[in-house]
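Chain letters run A, B, ... following the sequence lines, proteins first and then strands; every chain starts at 1. Hydrogens, waters and symmetry mates play no part in the numbers below; they use all other heavy atoms, side chains included.
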Protein chains: 4
Amino acid sequence: MPSSQTGADEIDADADPDTAARQARTRLRSRQLLAAAARVMERDGTESVSMQALADEAGVSVGLIYRYFGGKDEILLAVIVDVLDAFAVRVPDAIATADPDPVARFAAAFGAYCAVIAEHRHAALLSYRESKNLAEQGRRRIQQLEVATSEPLRDLLREGIEAGLFHQVDVDLVAYDALLMAHGWALKHWYFERTLRFEDYVARQTSLLLLALLLPRHRRKYARFLEHTQP
Amino acid sequence: MPSSQTGADEIDADADPDTAARQARTRLRSRQLLAAAARVMERDGTESVSMQALADEAGVSVGLIYRYFGGKDEILLAVIVDVLDAFAVRVPDAIATADPDPVARFAAAFGAYCAVIAEHRHAALLSYRESKNLAEQGRRRIQQLEVATSEPLRDLLREGIEAGLFHQVDVDLVAYDALLMAHGWALKHWYFERTLRFEDYVARQTSLLLLALLLPRHRRKYARFLEHTQP
Amino acid sequence: MPSSQTGADEIDADADPDTAARQARTRLRSRQLLAAAARVMERDGTESVSMQALADEAGVSVGLIYRYFGGKDEILLAVIVDVLDAFAVRVPDAIATADPDPVARFAAAFGAYCAVIAEHRHAALLSYRESKNLAEQGRRRIQQLEVATSEPLRDLLREGIEAGLFHQVDVDLVAYDALLMAHGWALKHWYFERTLRFEDYVARQTSLLLLALLLPRHRRKYARFLEHTQP
Amino acid sequence: MPSSQTGADEIDADADPDTAARQARTRLRSRQLLAAAARVMERDGTESVSMQALADEAGVSVGLIYRYFGGKDEILLAVIVDVLDAFAVRVPDAIATADPDPVARFAAAFGAYCAVIAEHRHAALLSYRESKNLAEQGRRRIQQLEVATSEPLRDLLREGIEAGLFHQVDVDLVAYDALLMAHGWALKHWYFERTLRFEDYVARQTSLLLLALLLPRHRRKYARFLEHTQP
DNA sequence: TATGAATGAGCCTTCATTCAT
DNA sequence: AATGAATGAAGGCTCATTCAT
């Protein structure tokens, strides 16, 4: 479910080999630029992503960027989408790899969300900042992806509820809370990095989530997830 | 515990009526400008708070703003502090007014946090974005206020734990999560406003929090807080 | 030959006692403001004379300044005129007080120019900077005063030439050079203050001037003025 | 001894023709902008050199200026340095070209100073006004250049003294006076331009300087320099 | 395709000047 | 007469965007 890139490569299925080559190059450039954007953000923060800084980091000229993106907004949109794509890849992956148990899969999914955010700490916060600036179209796109992206979590919650493991919670809200807790690492990173390692953060948040979700009678069984509750 | 304003009116204790009148006007203007800032944010997003936009919204000239604030940073700081001050006033108030029961007080406190955020939806998000840009001094100020502001929540958590009502959770983390969930209303307002009324949002989040916190044996007693779990 | 103030008190001879009182107050305020301007300049440099700084230094409100001066330019003009007035008072005074000998009087006059400049170091340089900004009228006024102000020097030069003491130099040019050398103390004050005391500066410049002026056969007689030639 | 430019073209020794072309263009633009700055000063005075005025005069946009200069200070510094560079080129040149006689070389040097100032009338006065505003580094740079720039004059003075031609004067002070007299043409241009042609100004000032410097017994020999004494 | 010089609107800030009180 | 709050036109600077090469 990857590759939701942002319009730079929307030219569909064209057998012309020349066009194919162009598409390949386009895709390459796009990735190169998005990677550069991510690097700049991670290094200097979200505010310092000027077109010049981006060009420098990518090793291309400013002008070239406009061949692959319609403008700055489009790039930021693409960066946001990139993170959402990462969710779309990594979370299902983590679920598939994990223990088949619903709780374990839920924990794995949440961990994957957290991991992606930790890897794109600044990019992950971009959507909070840019929503207003983005064109209506881009905003809707993001919102759709966000919903789609959190679908696995909702699925697992429903599954857990149906299996009689979880309380009958508001699945939408809990899924959102889980994402919020994952974003929490990025939002207050300056605070947590001094008090908690990333692994501990994830473990404790997982504990709290499951504490809220699990019916009491299953707690013993999942004690391994719950034991990180205390500081 | 209010009055952490931002320097525009620090001239203290002066019986001179002239000075008193000036102070009053100063305070009035400051409030007017902060209110205008909040309105601009609410209308156009936190990015569009240019001095010109602020002046237009407040119905004054650009130059005048600089009589009341040292610069843009100071205004943003003041807006942030304003919200934190609201927490400092409203949360203790809600706690004092509530049922003496620790759980009820916790719920009241959380509700007050949410209410303040709902009233300052955009301003409440400002600190996430501006911390980096603020001068060291301002940043420390905010951080201190944030800590002070969330202290009541931590106190109640500790109290609940000591009373044998709550699990022995990481108090700092849970308090942060609660704030995050309160901010959640502002962060994803576009989503929730279509599915949930504010009161429902608060009720359900309260339920979830208490579901995680309460020892199973106390759940029945506090069923009134927990019954909003389901959609 | 004093009092060439700048228009704030041009109301002429009016017997009305009320008007007389007003004139007195006007004159007082003008002096107060000019003195404040001089103080600000001497303390913070010529660039920092904002109307606010001036008002603060004078202990009045900004608005009041406009009752006595038409605007900033007029104040600066008045400050310049003030220095020129000081020349008009102090130089004739020094000449009158000095030894009747033409050379001694020339030396005394030059010393007086230097002294006035040392006392109004910043104000003295103002005219170099403001000429372009001043209204045509003000500029002409200054130029006339400058010429008038240097008249004593020219008189003494002519006298010395006629007395067979000085070479038959271009009186205008030498007078100008002498003024330039006096201003030199202000222009490169940052340099000289580390290498020369004011008195030495004056003594040496006097020596150089007389070295150029005096016919060789009179040098022995005026050796006391010439002995400061060497470093 | 030229080339003390101000950083816009410090990239040295690169055989890459592309870079070479860029350097050429950079140098061109820099010169164009400095020339425009000089023209604006000449037309409207040194105060009116706003970035907008400069851009208009140079026929470029404001933004472009910042590609070649770090800011306004840097431009003013460059203008000042430009004049000092002109001294550094023209004065040694004049000395080398002149009659080997020390007095003739001194006269030639002084004439060259005057000529440079006449050509950069307003720019030459800039340093008096801007020294304070410049960053420490720039100020030191100017001071060093000023010292270096006036060194030839001091050398010639020392040489004349050692050769028994000049009185044993304070070399530093006389060199400063000479520069002051050269600047005099710019400082009081409004006055002299009506009474004296530039050549006469120089000739007479040279006469005066030598009148002060030359031992009486050498005067006859250098009569050709002294005969311009009278008006 | 790729460059980067060039543009210009917009931002924050200062300050001389005015005017209601 | 006196105040100082209020104005608004500059000023310096940045940066997304365009376009000739």
Seminar exercise, completed: Result for 5'-nearest mapping on DNA chain F, choosing between G59(C) and V60(B), is G59(C)
Quick one: which protein N/O atoms are closer than 3.5 Å to N/O atoms of nucleotides 14-16 of chain F? Pair and distance per line, please.
| unit_1 | atom_1 | unit_2 | atom_2 | d |
| --- | --- | --- | --- | --- |
| dA16(F) | OP1 | K72(A) | NZ | 2.8 |
| dA16(F) | OP2 | M51(A) | N | 2.8 |

For this session: Take the protein atom CG of D73(D) and the nucleotide atom C1' of dC13(F), then report the distance between them rounded to whole Å.
Result: 12 Å
Exercise. Rounded to the nearest Å, what distance is computed from the CD1 atom of residue I65(D) to the P atom of nucleotide dT7(E)?
Worked result: 10 Å
Exercise. Are OP1 or OP2 of dT3(E) and a side-chain N or O of R67(A) less than 4.0 angstrom apart?
Worked result: no
Exercise. Any side-chain heavy atom of F69(A) within less than 4.5 Å of one from L76(A)?
Worked result: no
Exercise. Within a strict 4.5 Å, meaning less than it, do heavy atoms of the L125(C) and Y128(D) side chains meet?
Worked result: no
Problem set entry | Distance, rounded to the nearest Å, where L54(B) contributes CG and dC11(E) contributes P | 12 Å
Exercise. For E47(C) and dA16(E), what is the distance between atoms CD and P respectively, to the nearest whole Å?
Worked result: 12 Å
Exercise. What dot-bracket string describes DNA chain F from 5' to 3', counting Watson-Crick and G-U wobble pairs whose defining distances are under 3.5 Å, with [ ] for crossing pairs and | for pairs to another strand?
Worked result: .||||||||||||||||||||
Problem set entry | For atom CD1 of I75(B) and atom P of dC12(E), their distance in whole Å | 9 Å
Exercise. Out of dG4(F), dA6(F), dT1(E), which nucleotide sits closest to the side chain of R22(B)?
Worked result: dG4(F)
Exercise. Taking atom P of dT13(E) as reference, at what distance in whole Å does atom CZ of F69(B) sit?
Worked result: 13 Å
Problem set entry | Set of side chain to side chain contact (heavy atoms under 4.5 Å, CB included) partners for E136(B), sequence neighbours left out | R139(B), R140(B)
Exercise. What residues, two or more places apart in sequence or in another chain, satisfy side chain to side chain contact (heavy atoms under 4.5 Å, CB included) together with S50(B)?
Worked result: Q52(B), A53(B)
Seminar exercise, completed: L76(B) atom CG is separated from dC12(E) atom C1', nearest whole Å, by 12 Å
Problem set entry | side chain to side chain donor-acceptor pair (under 3.5 Å) partners of H122(B), counting only residues at least two apart | K132(A), E42(B)
Exercise. In whole angstroms, how far is the P atom of dC11(E) from the CG atom of N133(B)?
Worked result: 16 Å
For this session: Please list, chain by chain and in numerical order, all residues satisfying salt bridge (Lys or Arg N to Asp or Glu O under 4.0 Å) with R67(B), sequence neighbours excluded.
Result: none
Problem set entry | With sequence neighbours excluded, residues passing side chain to side chain contact (heavy atoms under 4.5 Å, CB included) with E47(D) | R129(C), E130(C), N133(C), R129(D)
Exercise. Using a cut-off of less than 4.0 Å, is there contact between a side-chain N or O of R25(B) and OP1 or OP2 of dG4(F)?
Worked result: no
Problem set entry | Under 4.0 angstrom between S61(C) side-chain N/O and dT3(F) OP1 or OP2 | yes
If you look only at distance, which donor and acceptor atoms sit under 3.5 Å apart when one is on a side chain in residues 54-66 of chain D and the other is two or more places apart or in another chain?
| unit_1 | atom_1 | unit_2 | atom_2 | d |
| --- | --- | --- | --- | --- |
| E57(D) | OE1 | R43(D) | NH2 | 2.0 |
| E57(D) | OE2 | R39(D) | NH1 | 2.7 |

Problem set entry | Exam field: side chain E74(A) to backbone G70(A), donor-acceptor pair closer than 3.5 Å | yes
